[in-house]
Enquirer: 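After the structure tokens below, expect a handful of questions from me.
What you see is a predicted model, and the numbers here were worked out from it, not measured in a lab. Proteins get letters first, then strands, A, B, ... in listed order; numbering begins at 1 in each.
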Amino acid sequence: MKNKIILIQVFIIPVLFTFLTSSCSKELLDRPIVEIQESDVFTTISYSSQYVNDIYGSLPNNLSPVSGTLYECATDDARFGVSSNGAARLAGGSLTPFYNPDDVFTNYYKAIRKCNNFLEKIDQLPETDHGADIIFNSEKVSVIKPRMIGEVTFLRAFFYFELAKRYGGVPIILKTLSLKDTIALPRNSFDDVINRVVTDCDVAFNSLPSTYAGLNGSTNTQYGHATKWAALAFKARALLYAASPLFNSTNDLNKWTAAANAVKPFFDGTAPFTLSAQYSANFSGNTYANTEIIWARVFGNSNSMEIQNYPVGFSSVTGNGICPSQNFVDAFEMKTGVYDPTKPYTNRDPRLAEAVIYNGATFNGRTIQTYTGGIDGPNVNGGSLTGYYLKKLLLPTLNLQTGQTGQHNAIFFRLAEMLLIYAEALNETQSTPGTDVYAAVNKIRQRTSVSMPSLPVGLTQSQMRDRIRNERRVELSFEGHRYWDVRRWKMGLAQFNLPLMGMQVTQNGTTTTYTPYIVEQRSFNDKMNLYPIQLNELQSNPKLGQTIGW
Amino acid sequence: MNNKKYGITLNITCVIIMLLCSMSSLLAQNTINGTVTNNSGKEIFGVIITAKGINKPIKVDLKGHFTYTTNKMDTLIIIKEGFQKQEIVVNQFSQNIKIKLEENKPFQNNLVLPFGAQINNEFFTGAISGISGNEMEKAHTPNATNSVAGRIPGLYSRADYSDEPGNDGASFYVRGYSSYNYTNDSPNLYVDNVPVSFSQLDPLEIDQLQVLKDGVANGVYGIGGANKSIFVTTKRGEAYNNKINFYSSVVFQKPVALPTFVGSQKYMQLYNEAALNDGLPAKYTQAQIDAYNNGSDPINNPDADWYGDNLKDYSVMQKHNLSISGGNNVVRYFILGGITSQNGLFKNTSANFDKYGYKTQVQFNRYNLRSNFDANITKSLSVFVDLSARIEESTNPDNYSGATSDIISNMAKYPPNLFPVVFSDGTIGGNAQYPNNPYGMITKLGYYKDVNRVTFGNVGFKQVLSSVLKGLSASAAYSFYNSFTDSEGFNSSSPTFAVNSYTNGVLQTVGKDVLPTFTVHSGAQNRIGTFWGKFDYSTIISRDHKLSASLGYSQSKTIPNGADFSYTSVNLFSQEHYQYKDRYLVDLGLSYSTTEVFNSHYGFFPSLGAGWIISKENFMKNLKMVNFLKLRGSYAILGNGDISGSQLSRYLYVNMYNNTGTVYNFGQTTTGANGFAEGALANKDVTWEKMNMANVGIDASLFNNTLGFSLDLFNERRSRILTTPGNISSLVGQTTRQLNIGIVNNHGIDANIWFKREIKDFSYHVSANLSLNANKIIYNAESVKQYAYLNTTGQPVGTVFGLTAIGFYANDADIANSPKSSYQQVKPGDIKYLDRNDDNVIDNNDFAPISKPWEPQTSFGLELGCAYKNFDLSVYFQGSAGYGVDLRSYATYGFTSGSRPSDLMNDRWTPSTAATALYPRLSFDGSNNYQTSTFWAKTTRFIRLKNVEIGYNLTSQSLLRLKIKALRFYLSGLNLATWSNLKIKYIDPEDAQAGISQYPRMESISLGLNIQL
């Protein structure tokens, strides 16, 4: 009996001891591995290519880039129907270090991190397997990989430029930071950022194809990816901004020359683009075959732009959308003859009729009535505040009642902008505008569907500057330029402080009277040329320093 | 002889006598006559006497006399509940002996610590407070969490679940919050060392509920210790203390108060007033309103009484228990079976019984079964086998879980004048706007029943290893817990019923009757498996030095229902207790532990306690007034490794890449392109939250143990609180998963004091306890706010932010001269707020701390008790203070949120009552008035007369002749009165929605009987 007890005791000790020492088994604590790991993403082409897709997703949605609408609603070109809208508040001077509906600082640094992460790790992506080429979507990975590197390099430049044009110089970060790195980084200068953009664009230009047509069969499934010409166009735009008064206080002419040189291939025919015969052909539908567009964002079928912005008399329209201003309409020259206040839209630059819908215009099968009491008039709920509706960018023939949708390809770069960059940059380097300056502008004015008279000869540099600036406003309207152009020209006090005008239309029997009126007062001061850093960001990184003036 | 154990206080004389007696053991049989009395010489019943020499009890007569015959030396063990165990050495020369039992002294109760450790409270240096299951039973609530409010210093509770049968309960926290991650900060609940809740245990199967409050008490839990613990042990059998207990009670419950809403005429007048206030035309003409005057046309001019027609005055609960316990030195048992059956308040719940065979009452039935067995297999090996099972059935009307609150809400919301509750022919009132008539919801939509089945097994052993080393033993336990919830009930695609109303005498019917069909829903299962094993060693080094030490291992694995991974923790622990001269005390705890979220990344957690029993010092000997005085202190660094979130979301060290869906479009025919992206940055260094806990306490018992108190002061600092930082520079370019960066400080006091006195047949006692705590967020990495007063840093956890109401707008001029409300176009009689930032706009930038957190920071209880002969009376008050209540409900909404006005709206703002108004003007738009503001968020305090019990005990000798050891009748009341600063009698200070959008708070009267055989 006693032996038995001792036996039990002797037996228990090792058993318990085994538990004590070894049963903290790893297995018990192991977690099931089910997530996609970083190593999977950068060693598998299907994941890597999706990773690049995701970076494209960080590009601005240029059909509603700010507060669900266009930047023009924050300029003298338009007013948004709802006054609490962010763009409308920006136009009213609400920008502060606590409020900025266009504060993209965080989002673009997120996008930049995605690019840096890709560029750091994509070397791991194998191009061959057991000596044989890996094929993905009928292309060799050895072809796709350098191209993806080009795309991502280009996209990173794009994001940096978006930051710099808003905040001035920003910190240049070319690697992924962890919380253990020094993340309290000071700003680089604006010129540093532009230099980086230019360098990256050059890299991209050399790695990107001229077109994606024919790469994976007869249908161009890659349309919309960045091309070498997109990189070049972008570089030209960046250099133009860098040469502009806001960023070139000493008016260093070399900067203008650099911009002109960069963009010249688009002027001299080296780049394979030609102006579309129809101005309107650039802005609606599938622009895949368009020869003017250098790079556009391809959207799936939708009708939300139309539901918001069609004249309110059409059914299923919400109204309260983008209302182009009289200030904008006034920028359009007469094509022939003299302005007649009773027929304000007759004989105007044909681009006016493509940009806005005015009283008496025919749109989507009927005559538009923006007069007081008309079905599209100001007293209708959601009706235009200015007497005008937006036409450009909209698909003009949708039947919204049946829920019809259509494709929108929103332009990043098109040839007309390049010609205007060339003209603007070249004009600044020449005391008397040379023939190339005239030629670039006139090309645009003499587009088949526009056919405006050539610029008068003998303009001074300053007169030419004004004509080019107006040409930009007219030709590139509602494409997201004016908001930035006025800033880089430091013209905000002169332009963005003007009262916003509308056109009151009164119908009396058969007589129609047109009376311009003030829609609202606007407020702008010079510090708004650049955005303030939001206070939270500034506190997180005091080294950033607040934008000058704020 | 060699197997005999001697008390440590055995003196030399005794040894000599023993030697003598063993030599002469064969010489004579000696019969000893004994009497057992209490200290003052009064005889006591029910004493159990056993002798070590024989394995059966000695018969004790009714006067406490016993005889025992022996021819050798033996030890008599005398046990009586409430008295200290006594051991008396007798031998063949012993004659008449008189045994006086000493009542249990304060602070000398036995504490059961984690993993089977036990210690006398006298020598423990940590902070533990507790309550026995028998005391918890006095609350007569079905959910055991409702029976401890205010009873235990340091334990805060808030009954915030209403009193709906099967859906009641209270939230707990120990010593307040020390983290702003609420879900990670509730105390760990253990039942017999297994991490499960005690809420549905029958209090009568609970032996002790102990709250482990400080670092030493929680020390062995290591990574699970920071949240503190509520540690429940179940009852066990005692050798030769055979008892059969039968408990039976009937409880009548009625709502404490129901809100009163206006009747038809008033409703219509107020409706018109609200419409005019909002610039709308009046809806009712005076003639229409007058038509409701005579009540002669209940069809066209009804006055629906939603509460009266749908709720009974009272409901009944029954509770019956039978427990059998006892055993001998070899086998001991405790067996309990219990039934709790609680009925709800709804009327008309048998409407479908005849036709379809079911009732739709709110109903909770619970069946508890427990059998705890202990057995000595050999002289050194003992085992225990505890098996328990439970079935909980909760039923509510309507075909989905939780419909009760919707039914009650509609009673509060539905208008009285449009249709009657039910027409005389049985058709149900309602219209398109009000289709969910509570009467229809109760009678027409079937029922929903949750059945939760719990099986719980716990087995273990203890092996004394004296052959290896004297004082060494090994013990281990394994448990499984399985909870399976299945629901059944009615759930056709969607059962509906038709509702009817008359407009100008024309019947309009909306909807149609669609009968529910019987369905069994899918079940959900939770499993927990635990194991612990350890070596214990205890030794008396010398008279002055006593040491015990243990080394053990524990693990716990919870397998939750559904698509989630197991929750696991492992723990290597060690516990040491050292006593010098029985008055200098040291407790040491060490834990090396981790949980599954840290993947083998272990933490080391030390705890240290020290104590000094001053009353045992020589210089105190002459101070007769001090019976016991102990100072104690502890310090510990414990952890919280409980990271919330299911599946991968709780593995913070994992860097995940995620599918981001269609992010862009490419191609001439526009194809959506799928994206893949890096997820939030992993917290590679993720670690447990760290808790530094300090406690100092004093325990005292004075004046011949008639007055005593305990006072604890604690200071806690929780650091490394998992927090998503709001202040990391965007330059990183990625959000981060939670980091260990937050800090919260918490400190406070737990105290209790008691006084008891006995004067002949009369005895009385008073005991009071108080818990206070204050916490503060030191750092939570919040984003920079435009105004400093918007910051949560520096505020207590859970501080309520809102607007400050500064009266009502008096008139249009007042509105024009005041800051503009961003919430709506305000009118006179709307609430005016303070423009804190002086920007002339009232908006969320004017939010500031306005009320204490929703969780009490002060809790107190007061018990008064007395007994005279066979009668006893106890009165128990409980209360909380310093916490916030939100008064916004259907009783205060007026006409907003689809509500109907209550009688509170008699005090609404009108131009003529502007000076005295208590509520804003009537309106259909509440966007300005019902913002979170000082108007509705009130810092609150209350005292409840929680419990009164009068009992009559029969323990007479005549009963004993009937083999009945004790008999008790009692009458008991719960929630009998409440005093709060809210001053609205139907708003419960712990749950402002009770009776309005939730089941009411109930008060109850119990009649009960306890027979002990």
Enquirer: Measuring heavy-atom distances to chain B, does A:Asn116 have an atom under 4.5 Å in its side chain, in its backbone, in both, or in neither?
Expert: neither

Enquirer: Considering only heavy atoms, which portion of A:Ile55 lies under 4.5 Å from any heavy atom of chain B: side chain, backbone, both, or neither?
Expert: neither

Enquirer: Any chance the side chains of B:Ser730 and A:Thr106 put a donor and an acceptor closer than 3.5 Å?
Expert: yes

Enquirer: Please flag which part of B:Tyr592 lies under 4.5 Å from any non-hydrogen atom of chain A: side chain, backbone, both or neither.
Expert: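 Contact with chain A: none, neither part.
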
Enquirer: Check A:Ser540 against B:Ser729 and note the closest heavy-atom contact, atom names and distance.
Expert: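 Of all heavy-atom pairs spanning A:Ser540 and B:Ser729, the closest is CB-N, 3.6 Å.
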
Enquirer: To the nearest 0.5 Å, how far apart are OG1 in B:Thr669 and CD in A:Gln407?
Expert: 8.5 Å

Enquirer: Say you draw a straight line from NZ of A:Lys180 to CG of B:Asp685; how long is it, rounded to the nearest 0.5 Å?
Expert: 3.5 Å

Enquirer: B:Ser783 versus chain A, heavy atoms under 4.5 Å apart: side chain, backbone, both or neither?
Expert: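 Contact with chain A is through both the backbone and side chain of B:Ser783.
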
Enquirer: For B:Val663 and A:Gln50, what are the C-alpha separation, side-chain angles and deciding distance, and is it a side chain to side chain contact (heavy atoms under 4.5 Å, CB included)?
Expert: CA-CA 9 Å; B:Val663 283; A:Gln50 290 184 57; over 6 Å; no

Enquirer: Taking the side chain as every heavy atom from C-beta outward, state whether B:Gln786 and A:Thr96 have any atom pair closer than 4.5 Å.
Expert: no

Enquirer: Does CD belonging to A:Gln546 count more than 12 external heavy atoms closer than 6.0 Å?
Expert: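 Yes.
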
Enquirer: Please classify the contact between A:Tyr109 and chain B as side chain, backbone, both or neither, with a heavy-atom cut-off of under 4.5 Å.
Expert: both

Enquirer: What part of B:Thr736 gets within 4.5 angstrom of chain A, counting heavy atoms only: side chain, backbone, both, or neither?
Expert: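 Only the side chain of B:Thr736 comes within 4.5 Å of chain A.
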
Enquirer: Is it the side chain or the backbone of A:Tyr51 that comes within 4.5 Å of chain B heavy atoms, both, or neither?
Expert: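 Interface part for A:Tyr51: both.
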
Enquirer: Mind checking the CD-NZ spacing from B:Glu678 to A:Lys114? Nearest 0.5 Å is all I need.
Expert: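 Result: 9.5 Å between the selected atoms.
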
Enquirer: Just how far is it from atom CG of B:Leu681 to atom CG of A:Leu179, taken to the nearest 0.5 Å?
Expert: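 B:Leu681 CG to A:Leu179 CG: 6.0 Å, rounded to 0.5 Å.
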
Enquirer: Please report the closest heavy-atom contact between A:Asn53 and B:Asn674, naming both atoms and the distance.
Expert: ND2-O, 3.0 Å

Enquirer: Any side-chain heavy-atom pair from B:Ile728 and A:Ile183 closer than 4.5 angstrom?
Expert: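 They are in side-chain contact.
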
Enquirer: What pair of heavy atoms forms the shortest contact from B:Val732 to A:Arg113, and how long is it?
Expert: O-NH1, 3.1 Å

Enquirer: Would you give the length of the straight line joining atom NZ of B:Lys785 to atom CD of A:Gln539, rounded to the nearest 0.5 angstrom?
Expert: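 Separation between the atoms: 11.5 Å.
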
Enquirer: Below 4.5 Å, heavy atoms only, C-beta onward: do A:Asp40 and B:Tyr657 meet side chain to side chain?
Expert: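 Answer no - side chains too far apart.
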
Enquirer: Just checking A:Tyr47: does its OH atom have more than 12 heavy atoms from other residues, nucleotides or ligands closer to it than 6.0 angstrom?
Expert: no

Enquirer: Between A:Asn536 and B:Gly726, what is the shortest heavy-atom contact and its length?
Expert: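 Smallest heavy-atom distance, with atoms named: ND2-O, 3.4 Å.
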
Enquirer: Give, for atom CD of A:Glu537 and atom CG of B:Leu731, the distance between the pair rounded to the nearest 0.5 Å.
Expert: 6.0 Å

Enquirer: So which part of A:Asn220 gets closer than 4.5 Å to some heavy atom of chain B, the side chain, the backbone, both or neither?
Expert: both

Enquirer: Taking the side chain as C-beta and beyond, is there a heavy-atom pair between B:Gln734 and A:Leu177 under 4.5 Å?
Expert: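 No - every pair of side-chain heavy atoms lies 4.5 Å or more apart.
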
Enquirer: Using the ring-ring contact (aromatic ring centres under 6.0 Å, His included) criterion, which residues pair with B:Tyr664? Sequence neighbours excluded.
Expert: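 Once residues adjacent in sequence are excluded, the partners of B:Tyr664 under the ring-ring contact (aromatic ring centres under 6.0 Å, His included) criterion are A:Tyr56, B:Phe666.
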
